[in-house]
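Working notes, structure below.
This is a predicted model, so every value here is computed, not measured.
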Amino acid sequence: MLKVRRSATSIDLLVEGTGPAPMLQQRLAGEAWQGLLRTTSPTGLRLGPQRISLPEAGLQSVSISGTGSEYQLDVVPAPGMPISRPVISADGRNLLISFPASSAMPQQTASLDLRTPGSIPQPSFAPPLQQRAIAPPLGDMAVGSMVLRNRSFINVSGPPVTMTLRNAPARDALMALAQMGGYGFVYVDDTVSASAGSTSSGSAGAATGQQRPISIAFQGEAYARAMNAVLLAAGLQGRREGNMILAGPTVLSKSFGTQLSKNYRLNQASAASASDYLASLGASITKVSVITNSVSQGTSQNQQVAGASTSQQTTTQNVTTTETYGGGVGPLKGLIGTTDSRLQTITLIGEPQLVAVGESYLRQIDLRQRQVALSVKILDISLDNDAAISNSFAFRYGNNFIVSDRGQLVGSFGSLLPPRNDVSGTGVGYPYNFPATGAPVNPGQNYPADNFFNVLQALITSSSAKTLASPTLFLTDNPEANQLSESSSSSSSSSSSSSSSGSSLQIQPVTDPGSPVGRNKANEAYVVVGENVVQSYSVTAGSGTSPNTCQPIFGVSGLTLGARVKRIDDNGFVTFNLSPAITAVTRGTTLVQGCGVINTLTVRALDTGDVRVRDGQTLILTGVISDTDLQVIRKWPILGDIPFVGQFFRDSNGARKKRELVILVTPKIVNDAEGGTFGYGYRPETRDAARLLGS
């Protein structure tokens, strides 16, 4: 809300309800002052757009307008009253803009009617606004947090420790501290598993862990801090089992107690990606992989010598390997996991508390991916404007006949016409194709003498056409490959290990005209509307006397649209790109000898790049324009160039074609929660729809 007040030294503009940390950009536009106000959170004008006039204070108008988080302030002074930059301050709720009062401001007194009740505005003070850098506003993020206990910290108690060691073995120092506190001590070495060739991370270097020397100096240090300090300095793990302390390189994965095994069937995340995520947090993940090797022996059939008894044979061998991997450090150190790709399940084995931590991580990453409905409207606007003016006349005087045939001059002088192709008089007279009976006769003899004949034709044709396509595409922001694409990629990876060459399956859209966006990924879609036409031929030369083979290559005459969604964030913004194209067959065709006719396509294509649009807003793309102007004129020499009169001696045709491609895109994020517009909250509106769904 905007309020204006006047004091003896200033004119104050009070903007109420701006909230904390408002931003104001100001400038002087001629004699007026303009300000752009930005608030940290969206709000609204309480009374709508306001405009206040205060001529007694030297202000012709003061106005505020806008919505959301941006508002426009305009201050127009009275004629002859200069205005200068104001002093700006804020108190966390309101914004105060103070203009210095002009010395030429007229003074006006007012008489108060004490019989009429009213309110007297009380002056308020706002501290000056400090100039400081303000970061751009940040959006919301989905945050999942957990409090993790430090499993490497041993909770022990004992007497204060005073000890000094220099380059002493860590195992001996830990044993001395355990005896000092009255605890049993066991050092667990992984030398045997390391020598056996285990691929588990963390076992490397275990054989040298007991020889790692440490240097410490404690003076009355607490027993628990001294014990954990030695473990930290030696790079070892420790745990307490009753009155016994276990120490070693990977002792956290070993326990006397019972272990818990849980199997989780994931809904959204794949088992492979979930296991990789847990492995990066320290879990030990075991996977089974199958490698297919193909070996070819012998001579291929097309290279064999006639009568040879041997042929090429291919032997396929499947090698099954087990791989165990995991991070060396992390909160899930000691957790064991394995996956099943068929059911998309993951099994975790470990202590109950450790399994619970891993389950919490799985719950945070097994989230539904957002979906967006891209409503695309494509308009191909075509405007045609053709104008044709044609005049033909003829006149005869005596045996002379003059004809103007749509700008072409034809004159015949005399009663006969000269021969056209032969001099024997049996040819057809030029320019009229009359049967010859002896010498060709001037066709003007058929018209009455000394007469003038004229025909004027004028035609203007205007037409407009609009082609509308409005597909709706449902896409997610998952950049992973589709299931069919995954199978093709796995087959290609298997064939890559084979010694024989083979072509992998490439998934491309049907009759793809070359759009850069296809449908190999789950966040991509492709739409084709039109007909297939022969665009070219792939010619294979025949052997010997056999003819060449022509394989037609088709193109799409119509509409093609590719869409890719890159990101759907928590703040209602969708980042996507489009690749629309409209192709049409031109009038001309080309004949390929021995194959057939090919068509020439005109293409109008557009690649948007990455575009970020808020949910529900519409993006309009335009400017893809094709403008053609064609003028054809036939005229008499000299006479056709005379102004005004020359139009009777010429024929003119003008054709102008203008085509524009307009694309409107509206992303709508699908609310798939219970009770939303899509999904679970759907209610059939008609009786037939309810009967079809059985509800």
- Message: If you apply the rule side chain to side chain contact (heavy atoms under 4.5 Å, CB included), what do you find for Leu559 with Val527, and how did you get there?
- Response: CA-CA 8 Å; Leu559 168 68; Val527 177; 5.6 Å; no

- Message: Please check if the number of heavy atoms outside Arg612 that lie under 6.0 Å from its CZ is greater than 12.
- Response: no

- Message: Can you tell me if Lys658 has over 12 outside heavy atoms packed within less than 6.0 Å of its NZ?
- Response: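 Incorrect, the count does not exceed 12.
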
Evaluate the side-chain proximity of [Y] to [X]: yes if any heavy-atom separation is below 4.5 Å, no if none is.
X	Y	result
Phe576	Leu475	no
Val611	Thr575	no
Leu45	Gln50	no
Thr472	Lys668	no
Leu13	Val62	yes
Val613	Val574	no
Ile378	Ile582	yes
Leu601	Val585	yes

- Item | Over all atoms of both residues, closest heavy-atom pair of Asp366 and Asn267 |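 Minimum heavy-atom contact is OD2-N, 3.0 Å.
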
- Note on the structure: Smallest heavy-atom separation, Ser270 atom then Ser273 atom, equals OG-OG, 2.8 Å

- Task: Take Leu266 and Ile365 through the side chain to side chain contact (heavy atoms under 4.5 Å, CB included) test and state the conclusion after the steps.
- Result: CA-CA 10 Å; Leu266 304 177; Ile365 66 174; over 6 Å; no

Which value, rounded to the nearest 0.5 Å, describes the distance between [X] atom [atom1] and [Y] atom [atom2]?
X	Y	atom1	atom2	result
Gln237	Leu232	CD	CG	12.0 Å
Thr43	Tyr71	OG1	OH	4.5 Å
Leu606	Leu621	CG	CG	6.0 Å
Trp33	Ile83	CH2	CD1	8.0 Å
Ile669	Gln371	CD1	CD	11.5 Å
Arg564	Leu578	CZ	CG	10.5 Å

Donor-acceptor check, side chain of [X] to backbone of [Y], threshold 3.5 angstrom: yes or no?
X	Y	result
Ser557	Glu531	no
Asp569	Asn571	yes
Asn523	Val565	yes

- Do the charged groups of Asp610 and Arg567 touch, with an N to O distance under 4.0 Å?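 No.
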
- Residues in salt bridge (charged side-chain N to carboxylate O under 4.0 Å, His left out) contact with Arg38, at least two apart in sequence or another chain: Glu70

- Item | Pair Asp607, Ser579: side-chain N/O donor-acceptor within cut-off below 3.5 Å | yes

- Query: After noting the C-alpha distance and the side-chain angles of Asn577 and Thr608, does the key distance pass the side chain to side chain donor-acceptor pair (under 3.5 Å) rule?
  - Reply: CA-CA 6 Å; Asn577 50 47; Thr608 62; 5.6 Å; no

- Query: Can you name the side-chain hydrogen bond (donor to acceptor under 3.5 Å, both in side chains) partners of Gln268, sequence neighbours left out?
  - Reply: none

I'd like a table of donor-acceptor pairs (distance under 3.5 Å, sequence neighbours excluded) in which one partner is a side-chain atom from residues 336-349, with atom names and distances.
unit_1: Thr338; atom_1: OG1; unit_2: Thr286; atom_2: O; d: 3.2
unit_1: Asp340; atom_1: OD1; unit_2: Arg342; atom_2: N; d: 3.2
unit_1: Gln344; atom_1: OE1; unit_2: Ala271; atom_2: N; d: 2.7
unit_1: Gln344; atom_1: NE2; unit_2: Ser341; atom_2: O; d: 2.9
unit_1: Thr347; atom_1: OG1; unit_2: Asn263; atom_2: ND2; d: 2.7

- Task: Check the pair Thr666, Gln617 against side chain to side chain contact (heavy atoms under 4.5 Å, CB included), reporting the backbone distance first and the verdict last.
- Result: CA-CA 6 Å; Thr666 304; Gln617 292 184 346; over 6 Å; no

- Please say which of Leu24, Asn94, Leu96, Ile64 ends up in a side chain to side chain contact (heavy atoms under 4.5 Å, CB included) with Val15.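 When Leu24, Asn94, Leu96, Ile64 are each tested with Val15, the side chain to side chain contact (heavy atoms under 4.5 Å, CB included) holds only for Ile64.
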
